[in-house]
4 protein chains.
Amino acid sequence: MEFNFNKAIYLQITDLFCDEILVKKWNNGDRIPSVRELAINIEVNPNTVMRTYSYLQEKGIVYNKRGIGYFLTDDAFEKTLKMRKEEFIKQDLPVIFKTVKLLDINFDDLKTLYNEFESNK
Amino acid sequence: MEFNFNKAIYLQITDLFCDEILVKKWNNGDRIPSVRELAINIEVNPNTVMRTYSYLQEKGIVYNKRGIGYFLTDDAFEKTLKMRKEEFIKQDLPVIFKTVKLLDINFDDLKTLYNEFESNK
Amino acid sequence: MEFNFNKAIYLQITDLFCDEILVKKWNNGDRIPSVRELAINIEVNPNTVMRTYSYLQEKGIVYNKRGIGYFLTDDAFEKTLKMRKEEFIKQDLPVIFKTVKLLDINFDDLKTLYNEFESNK
Amino acid sequence: MEFNFNKAIYLQITDLFCDEILVKKWNNGDRIPSVRELAINIEVNPNTVMRTYSYLQEKGIVYNKRGIGYFLTDDAFEKTLKMRKEEFIKQDLPVIFKTVKLLDINFDDLKTLYNEFESNK
DNA sequence: GTGGTCTAGACCACC
DNA sequence: GTGGTCTAGACCACA
């Protein structure tokens, strides 16, 4: 049996960073922290941050200017939203729906619970 | 920053075992594997399985007969369902709803996705 | 025939600790000895003390702050008193009453003996 | 700290045997089991039973006829009752009363509980 | 430093 | 065989 379900750290950092984009902590075109700066802040190896930024660069969410730093692209927010939405729908939702069925929860109940959640916020 | 989100092993075993109850692998009143047996099967220390069984005993899902073994109670299924439902609603749903809002997903879209999920199964 | 009536050590520690609460050695809200500290003092394994504290936590008599220590809850005294009273009435009293009958002791005699006990103290 | 509260085995046997006298399993003058017989029955060393019988002999509750066996004396019941009563009053009652006070139980409550106990029997 | 968990291995009582 | 308890010692996260 396997008991280590940790995601790779660079992917965990990616998730956190994307969250920050979605809540507008960073906006399209913004300069974002340098690899070294972020690495110190969150106490990980700079190489790990590098992998995060490279990954986001592949996705067209960040780009870099040699010798200057990393920046969000002009459609970083939209791309992040799309990427995360796809991940959520393809990876998370099936698990959630499976659980909902296993627990014999009616979909209408979910609607009720969602409304409660909304009103508490 | 913290990157280790592993649940305690005995709680992971608890979760897996509850799943098995919910999918009727074990039924109310069944004798379940002995502490040692399960420990060998899933390659953990007997003490760890013991903690799982003790935890489930507190919850009224299993009981034991000294020198004989552990058994599911007569309402193990119902109690498991109730326990898991509460956990899901209190712990998982808020995170899910938060994500749904963050990703700007309309609740009605979820309904559509749920129906797709249902028909594929 | 069985001649070993020893209670589990962690339950004996529980009893002694509850006594200390009842005689106000520890008061509601007090920080109590750390797991290791108590383990060294009474010369048992830290795991054994851990079981005692976990047991008391289930009963709502203690709680803990991670990395800080264990504390009595705000109604620790009341809960301890209630718990011990129930145990005494359900477990000890029947044995006592049975003995009293076996020894043909009149209940009114007990009252006299109780008064003697009171005045000697 | 000391965690072994076991009474000496021969005294435990003494207690059990006295109980049997008080419930009239053995009556004054009866021949009681031989040392060897009782030792086999309750699975202890014959020497241990021997200590029990010697102890009871000192108390005038049993006597032996050389080559024949052990017998209850003619006032074994009365002596047993007296002995146990004294033990109960001097050893057990103070502990009981102390607990009763510690648990803040009113003596009148005891009377009520005793009546309940009586009616259930 | 604190608590929390886990392993390895032991001994016990019960069946 | 079963569960129940205990020890010794380890590693982790948190503060």
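Proteins come first, then strands; the chains are lettered A, B, ... in the order of their sequence lines, and each starts at number 1. Treat the numbers as computed from the prediction; the structure is a model and nothing was measured.
The listed nucleotides are dT5(E), dT5(F), dT2(F); the one nearest the side chain of Tyr10(C) is dT5(F). Ranking dT5(F), dG3(E), dG4(F) by closeness to the Arg51(C) side chain, first place goes to dT5(F). Closest contact between the side chain of Ile68(B) and the listed nucleotides dT2(F), dG3(E), dC15(E) involves dC15(E). Closest approach to the Arg66(C) side chain among dG4(F), dG4(E), dA8(F) is made by dG4(E) (side chain taken as heavy atoms from C-beta onward).
Pair assignment for dC14(F): dG1(E), on the basis of Watson-Crick or G-U wobble contacts that are both within less than 3.5 Å. Both distances falling under 3.5 Å, in either a Watson-Crick or a G-U wobble arrangement, place dT7(E) opposite dA8(F).
Within the structure, a side-chain polar atom (N or O) of Thr48(B) is placed less than 4.0 Å from OP1 or OP2 of dT7(E). Phosphate proximity of dT5(E) to Asn47(C): absent, as no side-chain N or O sits under 4.0 Å from OP1 or OP2. Residue Tyr53(B) places none of its side-chain N or O atoms closer than 4.0 Å to OP1 or OP2 of dT2(F). Phosphate contact (OP1/OP2 of dT5(E), side-chain N/O of Tyr55(B), threshold under 4.0 Å): absent.
In this structure, Met50(B) atom CE and dA8(E) atom C1' are separated by 16 Å, rounded to whole Å. At whole-Å resolution of the value, CG in Asn64(B) and P in dC15(E) are 11 Å apart. When rounded to the nearest whole Å, the span between CZ of Arg31(C) and P of dT2(E) equals 7 Å. Rounded to whole Å, atom P of dG9(F) lies 13 Å from atom CD1 of Ile40(C). In this structure, Glu58(B) atom CD and dG4(F) atom P are separated by 12 Å, rounded to whole Å. Between Tyr63(B) atom OH and dG4(F) atom P there is a gap of 13 Å when expressed in whole angstrom units. Spacing between atom CD of Gln12(C) and atom C1' of dT5(F) amounts to 12 Å, rounded to whole angstrom units. Rounded to a whole Å, the CG atom of Asn45(B) is 15 Å from the P atom of dG4(F).
Under the 4.5 Å side-chain criterion, counting only non-hydrogen atoms from C-beta, Ile32(C) is not in contact with Phe71(C). For the pair Tyr70(A) and Val35(A), the minimum side-chain heavy-atom distance is below 4.5 Å.
Salt-bridge formation is detected for the pair Arg84(B)/Asp19(B): a Lys NZ or Arg NE/NH1/NH2 atom is positioned less than 4.0 Å from an Asp or Glu carboxylate oxygen. Ion pairing between Lys82(B) and Glu86(B) holds under the 4.0 Å rule for side-chain N and carboxylate O.
Scanning all heavy atoms of the two residues, the minimum distance from Tyr10(A) to Thr52(A) falls at O-OG1, 3.0 Å.
The base of dG3(E) sits with one of its N or O atoms less than 3.5 Å from a complementary donor or acceptor on the side chain of Arg36(C).
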